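Have a look at the structure below before the remarks.
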Amino acid sequence: MAATSGSSVLPTHTAPSAPAYPASTKPSPNPRRRCLCICLLITLAFLAALAITLLVLFLTVLRVRDPTTRVVSTQLSGIAPRLTFPAVSLQLNITLLLVVSVHNPNPASFAYASGGHTDLTYRGVQVGAAEIDPGRIPSRGDGNVSLALTLQADRFASDLPQLLSDVEAGAVPLEAATRIPGKVNILGLFKRRAVAYSDCSFVFGVPEMRVRSQQCRDRTKL
């Protein structure tokens, strides 16, 4: 049998090529998320600025400084004798009209309603009292506080020899303690309750019927 001439060609198989995919790209950022991030950063910056502003206000504006007071005029308003029964006793009340100048160094006004009160003492004994009418002290300014102080002359009798000695010398030492509750108004935005205190020691001149010298210690409590 004759051999078949020529070589037989075997069929070739090629592996199927992988499908072509588009090049991968980064997803585009969400505009809404970017907007939220920007708003968050603006809010944080605003809160930080607000905190710094409040701190500055607290260290400067909101730090209340004590006012100063000074008695500027004294006037004898009246003398009222009173007879009491059944135990017969003659009491003598003397009314003095006082005008007190108050200097407010704070950038906040101080308004006070009813409730202000002054107690007057002579050598440790209370001898008079006065109620203070409502009023207002402007910011960084001065205001006058008027009050009618009633002296109960019979209470001086506990130390009558000393009183006569002081009157003869022409100078009577007295002490006044004042308490005025009110509100401070800061820049029209902040309102806080405050109580103004004043403790004054002064010498009342008998011949001239006015305050001859005085020394006051003033403070404010929030």
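Note that the structure is predicted; figures quoted are calculated from it, not measured.
- By the criterion of side-chain heavy atoms lying less than 4.5 angstrom apart, applied directly or through intervening Ile, Leu, Val, Met, Phe, Trp or Tyr residues, Phe202 is grouped together with Leu163 in one hydrophobic cluster.
- Contacts of Tyr122 classified as ring-ring contact (aromatic ring centres under 6.0 Å, His included), with partners at least two apart in sequence or in another chain: Phe156.
- For Thr68 and Asp218, the side-chain atoms include no donor-acceptor pair closer than 3.5 Å.
- The side-chain heavy atoms of Pro105 and His103, taken from C-beta on, include a pair separated by under 4.5 Å.
- A donor and an acceptor atom, one from each side chain of Thr178 and Thr118, are located under 3.5 Å apart.
- Atom CD1 of Ile137 is separated from atom OG of Ser101 by 8.0 Å, given to the nearest 0.5 angstrom.
- Here the side chains of Ile180 and Val195 are not in contact, with every heavy-atom distance at 4.5 Å or above.
- Side chains of Val102 and Phe110 form no contact here, defined as non-hydrogen atoms less than 4.5 Å apart.
- No donor-acceptor pair closer than 3.5 Å links the side chain of Ser165 to the backbone N or O of Pro161.
- Summarising the local packing, CZ of Arg212 is surrounded by more than 12 heavy atoms from other residues, nucleotides or ligands at distances under 6.0 Å.
- Under a hydrophobic-cluster definition in which Ile, Leu, Val, Met, Phe, Trp and Tyr are linked whenever side-chain heavy atoms come within less than 4.5 Å, directly or via other members, Val211 and Leu174 are assigned to the same cluster.
- Val125 and Val203 fall into different hydrophobic clusters, where Ile, Leu, Val, Met, Phe, Trp and Tyr residues are linked whenever their side-chain heavy atoms come under 4.5 Å apart, directly or through other members.
- Within the structure, every pair that satisfies the disulfide (SG to SG under 2.5 Å) test and touches residues 192-222, not counting sequence neighbours, is listed here: Cys200-Cys216.
- For Arg136 against Ser109, the heavy-atom pair with the smallest separation is NH2-CB, 3.3 Å.
- In the hydrophobic clustering of this structure, Leu98 does not group with Tyr197; members are Ile, Leu, Val, Met, Phe, Trp, Tyr whose side-chain heavy atoms approach within less than 4.5 Å, directly or through other members.
- No side-chain heavy atom of Gln152 sits under 4.5 Å from any side-chain heavy atom of Val127.
- When every heavy atom of Glu131 is checked against every heavy atom of Leu147, the shortest pair comes out as O-CB, 4.2 Å.
- In terms of heavy-atom proximity, Arg123 sits nearest to Asp166 at NH2-OD2, 3.1 Å.
- Nearest heavy-atom pair, Asn104 versus Pro138, reported as atom, atom and distance to 0.1 Å: ND2-O, 3.1 Å.
- Across all non-hydrogen atoms, the minimal contact from Pro207 to Gly170 is CD-O, 3.5 Å.
- Expressed to the nearest 0.5 Å, how far CD of Gln126 lies from CD of Glu175 amounts to 12.5 Å.
- When side chains are defined from C-beta on, Lys183 counts as touching Arg193, because their heavy atoms get closer than 4.5 Å.
- For Arg140, the salt bridge (Lys or Arg N to Asp or Glu O under 4.0 Å) test picks out no residue, with sequence neighbours left out.
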Handout entry: Intermediate values then yes/no, side chain to side chain contact (heavy atoms under 4.5 Å, CB included), Val99 and Val145
Key = CA-CA 6 Å; Val99 177; Val145 178; over 6 Å; no

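- Counting heavy atoms from C-beta outward, Leu120 and Leu151 have side chains that approach closer than 4.5 Å.
- In plain terms, the two heavy atoms of Tyr112 and Ile132 that are nearest each other are CE1-CG2, 4.1 Å.
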